[in-house]
*Asks:* 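I have a structure I would like to understand better, so I am pasting it below and will then ask my questions one at a time.
For ligands, and for the atoms within them, numbers begin at 1 and follow the listed sequence.
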Amino acid sequence: MKPSVTEQERFKLQLDVDRTKSQEERNIHGQFSTPYVLASQIVARSLAELPLSAPVSFLEPALGSGVFYSALMQEIRDHAILEAVGVEQDEAYAKIATKLFIDKDFKVLVQDYFAFARAPGNRSRFNLLCTNPPYVRHHHIESSLKQELQILVSDNLGLKISGLSGLYMYFVLLADVLLAPDGVASWLIPSEFLYVNYGQPLRDYLSKQVTLLSIHQFDPDTVQFDDALVSSCVVTYKKTRPIGTASFTFSFGGSISHPAETRIVDLINRDSAQKWSLLHFDQEEGLLGERDTVGDFFEIRRGVATGANEFFIIDPAVIKEYSIPRKFLKPILPSPRYLTQAVIEANPDGTPKIDKVKFLLDCNLPPDVVKEQYPGLWKYLQSGKKQGLHERYLCASKEAWYFQEKRAPSLYLASYMGRSNGNGQAPIRFFLNHSQAIATNVFLHLYPKPALMSLLNENPERMKELLDLMNAIPLQEFMRVGRAYGGGLHKVEPGELKNLAFSQLPEWMKGVVEKQMVLI
Ligand SMILES: C[S@@+](CC[C@H](N)C(=O)[O-])C[C@H]1O[C@@H](n2cnc3c(N)ncnc32)[C@H](O)[C@@H]1O
């Protein structure tokens, strides 16, 4: 539906206020507004859950300039409105709503939402709530406020919120007291709560204390907010205890009304300790069947975390200056973005055929031996100490601060993190490594299991074939197993890469899993 004249004016005024603020200021206060089209879809989706017989008491907490209220005005149709309230702490935004909606009996309060939620007169007052709460990260929340809100959530709902939670978690959970029985709420919030540990209290609340109706997760490749790096979802629930056979819709990609993928998921007995993802729900349903996953064929280990790459990863000039012996040096790959080829060829000495090879300083001799026998290396280590590197968290946790984790070179590598370009291509790249180079923790090492290794050795052409197969795994599959941040940024942990399924296996690989089972 075309935005009304009032909506066009609201949007213009909101941009004017946005421009008066720095990006940092807007980050700290979580001031990124919702596109009108999206707000309309969320309001329409929520209104559909309210019977026409129930007049609407609407609340937009974190009002901004009132995009959800503006959407409500267009979507309300046959529903009657009893009252509508918006709460916003920033007067500059609140003023826009006051000015534009003054004739609509819309009450705009310039107030702190948490104070509003605590006022006894607001208990059970609203049967429709739609908003996009501020995405303020935990380190921008004062610890005294965190504690105060944690106690409030615990008193109200018996849930323990982690200090790592963003402000939106408190917004959602503390809205419980404001909602009337059977009231409907929809929140546009970061998807992270679906899979991080600190999201558990919210998953718990949604599956036990209210009836979750739907979660629509947007495809992070099509971010909802141009200016905030966050991947978001819309959570809709009804304030009623779930009963019997309750289920909710989990959808992904596309739009709320036309998602790319949809699952119906049981709500009762849902384990909030588990991640909520397509992969998990499909596994529960046994939908995945016999899938061949990366973990069937490879042992996976994260690359080396040195704690001070700028010191431990050195070039030939430093090696020469300090006369560091070759036996303490391991060739190491640069960041994936500097690797232009998926196949890393080797020089005769095992170093990778790339520009400007660097080395990891990896000496496991105790300090007194280094001091006595390798004065050049000792001098270099002392220069690191002078910079305080030995006190850094990772270095300080080692027996001697310059010791490195043990990693052997692996035939395959995967970049740990990547950005997809919006064309459905996977963001994580795989590499075939013929060199003796190892990698830092921006990569995952993939070591072929013995049965696979013997098949690869039988016919080395298979190595590249397998590489191409892994690089052809589509983005959707990464979405199932990994985590995605806004702006198409994806990360895959070793445990998640294990679950990544191949789309198709060549004949020669088909017997590998059985063969491995026989070997065990
Ligand atoms: C993400 S914006 C959303 C604005 C609007 N609802 C929308 O969707 O476009 C969040 C708004 O919450 C406001 N806000 C942040 N903390 C608040 C608090 N404690 N009480 C009330 N408003 C708050 C910010 O000033 C910001 O305008």
*Asks:* So for ligand 1, is Asp90 a polar contact partner (N or O within less than 3.5 Å, distance only)?
*Replies:* no
*Asks:* Any idea which atoms of ligand 1 are less than 4.0 Å away from a heavy-atom of Thr131?
*Replies:*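 Close to Thr131: 6 (N).
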*Asks:* Please determine if Tyr113 has a nitrogen or oxygen closer than 3.5 Å to a nitrogen or oxygen of ligand 1.
*Replies:*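 Min N/O separation from ligand 1 is below 3.5 Å for Tyr113.
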*Asks:* Contact between Val108 and Phe101 at the side-chain level, heavy atoms closer than 4.5 Å - yes or no?
*Replies:*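 Val108 does not reach Phe101 side chain to side chain.
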*Asks:* Do Tyr135 and Glu192 come within less than 4.5 Å of each other through their side chains, counting heavy atoms only?
*Replies:*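 Tyr135 vs Glu192: side chains apart.
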*Asks:* Pick one of side chain, backbone, both or neither for how Tyr135 approaches ligand 1, counting any non-hydrogen atom pair under 4.0 Å.
*Replies:*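 Contact part for Tyr135 vs ligand 1: neither.
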*Asks:* Which bit of Val67 is near ligand 1, meaning a heavy atom under 4.0 Å away: side chain, backbone, both or neither?
*Replies:*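 The answer is the side chain of Val67.
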*Asks:* Identify, by atom number and element, the atoms of ligand 1 in contact range of His29, meaning under 4.0 Å from any of its heavy atoms.
*Replies:* 15 (C), 24 (C)
*Asks:* Work out whether the distance between some heavy atom of Ser65 and some atom of ligand 1 is less than 4.0 Å.
*Replies:*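 Not so, Ser65 does not reach ligand 1.
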*Asks:* Taking heavy atoms and a distance under 4.0 Å, where does Pro133 meet ligand 1: side chain, backbone, both or neither?
*Replies:*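 The answer is the backbone.
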*Asks:* Taking both backbone and side-chain atoms of Glu88, is any N or O found less than 3.5 Å from an N or O belonging to ligand 1?
*Replies:*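 So ligand 1 has an N or O lying under 3.5 Å from an N or O of Glu88.
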*Asks:* How close does the nearest protein non-hydrogen atom get to atom 8 (O) of ligand 1, and which residue and atom is it?
*Replies:* Thr34 OG1, 2.5 Å
*Asks:* How far does CZ of Arg45 sit from CG of Leu213, to the nearest 0.5 angstrom?
*Replies:* 5.5 Å
*Asks:* Is the shortest distance from a Lys or Arg side-chain nitrogen in Glu75 or Arg77 to a carboxylate oxygen in the other one below 4.0 Å?
*Replies:*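 A salt bridge is present here (some side-chain N lies under 4.0 Å from a carboxylate O).
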*Asks:* Which bit of Leu63 gets closer than 4.0 Å to ligand 1, counting heavy atoms only: side chain, backbone, both or neither?
*Replies:* backbone
*Asks:* Decide whether an N or O pair under 3.5 Å exists between Ala62 and ligand 1.
*Replies:* yes
*Asks:* Around atom 3 (C) of ligand 1, find the nearest protein heavy atom and jot down its residue, atom name and distance.
*Replies:*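 The closest heavy atom on the protein side is Asn132 O, 3.1 Å.
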*Asks:* Any side-chain donor-acceptor pair under 3.5 Å between Asp90 and Gln31?
*Replies:*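 Note: Asp90 and Gln31 side chains meet the donor-acceptor criterion.
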*Asks:* Between Tyr195 and Glu496, do the side chains contain an N or O donor and an N or O acceptor separated by less than 3.5 Å?
*Replies:* no
*Asks:* Answer yes if the side chains of Ser186 and Thr236 hold a donor-acceptor pair under 3.5 Å, and no otherwise.
*Replies:* yes
*Asks:* So which heavy atom in the protein is nearest atom 2 (S) of ligand 1, and how far is it from that ligand atom?
*Replies:* Gly30 O, 3.2 Å
*Asks:* Using the rule given for salt bridge (charged side-chain N to carboxylate O under 4.0 Å, His left out), can you reason through Lys275 versus Glu493, listing the C-alpha separation, both sets of side-chain angles and the distance that settles it, and then say yes or no?
*Replies:* CA-CA 14 Å; Lys275 279 184 186 184; Glu493 299 294 344; over 6 Å; no
*Asks:* Between Asp112 and ligand 1, which part of the residue brings a heavy atom under 4.0 Å of the ligand: side chain, backbone, both or neither?
*Replies:*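 The answer is both, backbone and side chain.
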*Asks:* With a 6.0 Å cut-off on the ring centroids, do Trp187 and Phe193 count as close?
*Replies:*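 They do not qualify: ring centres at least 6.0 Å apart.
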*Asks:* With atoms numbered from 1 as shown, which atoms in ligand 1 lie under 4.0 angstrom from a non-hydrogen atom of Phe68?
*Replies:*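 So the atoms of ligand 1 that pass are 8 (O).
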*Asks:* Any non-hydrogen side-chain atom of Val17 less than 4.5 Å from a side-chain atom of Lys95?
*Replies:*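 Counting from C-beta outward, Val17 and Lys95 never come under 4.5 Å.
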*Asks:* Any atom of ligand 1 sitting under 4.0 Å from a heavy atom of Gln111?
*Replies:* yes
*Asks:* Between the candidates Arg10, Glu91, Gln89, Glu60, which shows the shortest non-hydrogen contact distance to atom 17 (C) of ligand 1?
*Replies:* Gln89
*Asks:* Heavy-atom distance under 4.5 Å between the side chains of Phe32 and Asn132, does that happen here?
*Replies:* no
